[in-house]
Amino acid sequence: MFKQFLSKLPRKSSSKPDSTSDPSGSSVVRSNSVKRMSSAVFPSSVVAGIEPLVPFKDVPTSEKLNLFVSKLSLCCVTFDFSDQTKNSLEKDVKRQTLLELLDFVSSSSSVRFTEPAILAMCKMSAVNLFRVFPPSYRERNDSDDNDPTFEPAWPHLQIVYDLLLKFITSPCLDAKLAKKYLDHGFILRLLELFDSEDPRERECLKTILHRVYGKFMVHRPFIRKAMSNIFYSFVFETTEKRGGGGIAELLEIFGSIVSGFALPLKEEHKIFLWRVLIPLHKAKSVGGYFHQLSYCVTQFIDKEPKLGSVVIKGLLKFWPVTNSQKEVMFLGEVEEIVEVMSLVEFQKVMVPLFLRIAACVNSCHFQVSERALFLWNNDQIVNLIAQNRQAILPIMFAALAKNAESHWNQSVLNLTLNVRKMFCEMDEALFMSCHTRFQEDEAEQCSAEEKRKETWARLEKAASMKPVTGKTAVLVTPLATSIAC
């Protein structure tokens with residue numbers, strides 16, 4: 001019976017195939033002749049007339065694995081999907097075969113996958129999935145067009161991804177047997193596919209890689225290292241050449257990995273936080289993966305609260321000064337971190353942190369100022385501020401006073417007055433002391449400014465009265481400008 005199955009596999013014709021030329025000049029093979037793909041995305045593969053094999057239900061259980069391998073071999077034939085009209089019959093046969101394979105793997109619970117079956121599955125997945133993306137995939141982040149690019153071959157790719165996922169998670173797959181074929185090279189090629197601009201493909205890859213990490217414990221250190229290398233490359237090499245495509249999905253995977261780390265954290269995990277997660281904040285495209293990045297960081301701090309002060313110092317190092325939207329995001333992350341910090345860790349960073357928050361409170365962009373003032377709506381943060389008001393109020397008082405006097409946005413003005421009232425209720429004596437010091441500082445600044453103006457006026461007057469001798473050039477301020485000054 002197995003010979004009957006093999007007889008239905010596609011074979012090369014021994015005679016020279018007849019061919020004609022299509023309008024584009026490429027050779028088109030008729031009937032059962034052979035054609036080589038010219039796609040720039042998919043690897044070259046032989047396209048021949050393929051015929052469907054018998055269904056799984058028509059063969060005994062002992063032959064189902066052999067039929068499984070045969071059907072996988074049939075699905076190793078690839079097509080050019082840039083033209084949907086080409087090989088439409090063969091494409092439909094392949095699609096139906098893939099669906100049969102998916103149903104077989106999903107429903108199979110007693111048949112253990114053998115090495116030939118695992119090898120055939122890995123080969124079929126590699127032929128259909130692993131491909132090289134055009135350079136334009138990595139150079140579009142500066143374009144105004146932010147619409148995702150959808151893969152034309154997705155109707156087939158989706159089934160292949162679903163089949164691979166079902167195969168990996170199947171209880172019939174022995175991880176010890178499969179690790180020889182789902183090896184480091186296979187995993188690296190999977191990671192390269194995260195460059196795809198099709199969000200549907202990246203979502204499938206995220207699920208598959210997470211399942212591989214969970215099932216193949218022997219590969220876990222390698223997967224973490226390979227993912228770290230991708231992050232390193234993005235942060236230090238290609239961040240200006242490509243957007244954040246794939247970074248969000250990889251961070252989402254890593255977030256679930258971090259949640260499973262054992263305590264105390266290993267040094268390699270802390271290094272990943274310092275050298276990868278914190279520098280990822282500096283990329284222009286951080287908005288595309290900020291939620292996943294923030295989740296990873298908070299997972300580390302939940303595991304080891306002492307890392308909170310380290311993260312805050314890193315955020316202050318990469319704080320955006322010209323991007324208001326990033327400032328708003330950073331302030332949100334600061335709130336999440338400070339909310340879970342201990343008093344001791346908070347005191348390590350409170351001075352530089354509130355110097356930055358004071359600058360944000362004074363921002364002309366109302367969203368930045370408003371988000372900074374919202375920190376006082378968090379009871380945990382207010383409690384930390386109250387315990388350290390002797391250090392924080394003198395830093396914040398000037399910024400609050402300037403906002404109360406001259407900020408243009410009414411919402412910011414109202415929030416500022418509420419925060420001032422909270423500080424006054426915390427410690428009225430300290431508040432009045434800061435108020436007196438602020439008035440004294442303002443008076444000193446006004447006095448110094450007046451003295452500076454008078455000094456310049458005297459210099460300009462002296463310069464205008466001194467005669468010009470020889471070829472000495474003297475810059476003299478016009479009388480009207482001098483009076484105006």
Side-chain angles (χ1 to χ4, degrees), residues 2 4-13 17 22 26-59 63-108 113 116-132 150-168 189-190 193 196 198 200-201 204-205 208:
F2 183 59
Q4 178 184 357
F5 304 151
L6 294 179
S7 66
K8 295 190 176 184
L9 286 175
R11 297 180 179 179
K12 284 187 177 180
S13 175
D22 64 359
S26 60
S27 178
V28 180
V29 182
R30 303 301 181 190
S31 67
N32 63 339
S33 54
V34 179
K35 172 188 172 184
R36 185 165 295 277
M37 280 181 56
S38 60
S39 172
V41 175
F42 286 89
S44 298
S45 176
V46 174
V47 176
I50 60 176
E51 299 178 4
L53 299 178
V54 295
F56 282 103
K57 64 182 180 179
D58 294 344
V59 298
E63 296 291 341
K64 284 187 177 181
L65 271 184
N66 294 329
L67 180 59
F68 178 71
V69 173
S70 299
K71 286 180 177 286
L72 286 173
S73 299
L74 183 147
C75 291
C76 286
V77 180
T78 58
F79 302 95
D80 181 6
F81 283 84
S82 59
D83 186 351
Q84 299 294 336
T85 60
K86 289 183 180 180
N87 307 110
S88 57
L89 180 61
E90 289 86 350
K91 290 176 183 176
D92 187 61
V93 170
K94 179 181 176 181
R95 178 180 173 81
Q96 293 302 321
T97 305
L98 286 170
L99 290 172
E100 287 181 32
L101 289 167
L102 179 60
D103 181 66
F104 173 74
V105 174
S106 301
S107 59
S108 178
F113 292 118
I118 298 171
L119 175 60
M121 184 68 207
C122 291
K123 180 182 177 182
M124 188 278 295
S125 300
V127 168
N128 284 276
L129 300 179
F130 299 159
R131 58 204 192 277
V132 179
F150 294 108
E151 175 59 59
W154 184 247
H156 279 201
L157 289 180
Q158 182 180 19
I159 306 175
V160 176
Y161 276 121
D162 290 343
L163 176 58
L164 180 58
L165 177 62
K166 290 291 186 182
F167 185 77
I168 291 172
R189 296 298 300 273
L190 275 180
L193 293 177
S196 172
D198 193 325
R200 301 169 299 181
E201 182 167 15
C204 288
L205 285 165
I208 289 173

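All values below come from the heavy atoms of this structure, side chains included, with hydrogens, waters and symmetry mates left out. Given the structure is predicted, the values throughout are model-derived calculations rather than measurements.
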| task | Taking the side chain as every heavy atom from C-beta outward, state whether Glu90 and Val77 have any pair of such atoms under 4.5 Å apart. | result | no
| request: Test side chain to side chain contact (heavy atoms under 4.5 Å, CB included) on Val69 and Met121 and set out the steps. | output: CA-CA 8 Å; Val69 173; Met121 184 68 207; over 6 Å; no
| Would you say the side chain of Phe167 lies within less than 4.5 Å of the side chain of Leu101, judging by non-hydrogen atoms? | no
| request: Answer yes or no: is there a donor N or O on one side and an acceptor on the other, between the side chain of Arg189 and the main chain of Ala126, under 3.5 Å? | output: no
| request: Output the distance between atom CD1 (Ile118) and atom CD1 (Ile168), rounded to the nearest 0.5 Å. | output: 11.0 Å
| request: For atom NZ of Lys123, decide whether the heavy atoms of other residues, nucleotides or ligands shown that lie under 6.0 angstrom number more than 12. | output: no
| Can you name the nearest heavy-atom pair linking Cys76 to Val127, along with the distance? | O-CG1, 3.2 Å
| So which heavy atom on Val160 is nearest to which on Ser125, and how close? | CG1-CA, 4.4 Å
| Under the ring-ring contact (aromatic ring centres under 6.0 Å, His included) test, which residues partner Phe56, sequence neighbours left out? | Phe104
| remark: Interatomic distance, CG@Leu205 vs CG@Leu190, rounded to 0.5 Å, equals 6.5 Å
| task | Report the distance from atom CG of Leu74 to atom CD of Glu100, rounding to the nearest 0.5 Å. | result | 10.0 Å
| field | Approximate separation, where rounding is to 0.5 Å, of Leu98 CG and Leu157 CG | value | 10.0 Å
| request: Could you tell me the separation between the CG atom of Leu72 and the CG atom of Leu163, rounded to the nearest 0.5 Å? | output: 6.5 Å
| query | Pro55 versus Asp58: any side-chain heavy-atom pair under 4.5 Å? | reply | yes
| field | Side-chain touch Glu151/Ser196, heavy atoms, less than 4.5 angstrom | value | no
| query | Where do Asp198 and Phe150 come nearest, in terms of heavy atoms and distance? | reply | OD2-CA, 3.5 Å
| field | Backbone N/O of Lys94 and side chain of His156: donor-acceptor pair under 3.5 Å | value | no
| message | Donor-acceptor pair, distance only, cut-off 3.5 Å: does the side chain of Arg131 make one with the backbone of Leu129? | response | yes
| request: Return the minimal non-hydrogen interatomic distance between Val105 and Phe68, and the atom names on each side. | output: CG2-CE1, 3.7 Å
| request: Report the distance from atom CG of Asp162 to atom SG of Cys204, rounding to the nearest 0.5 Å. | output: 6.0 Å
| Under 3.5 Å, is there a donor-acceptor pair between the side chain of Asn128 and the main chain of Met124? | yes
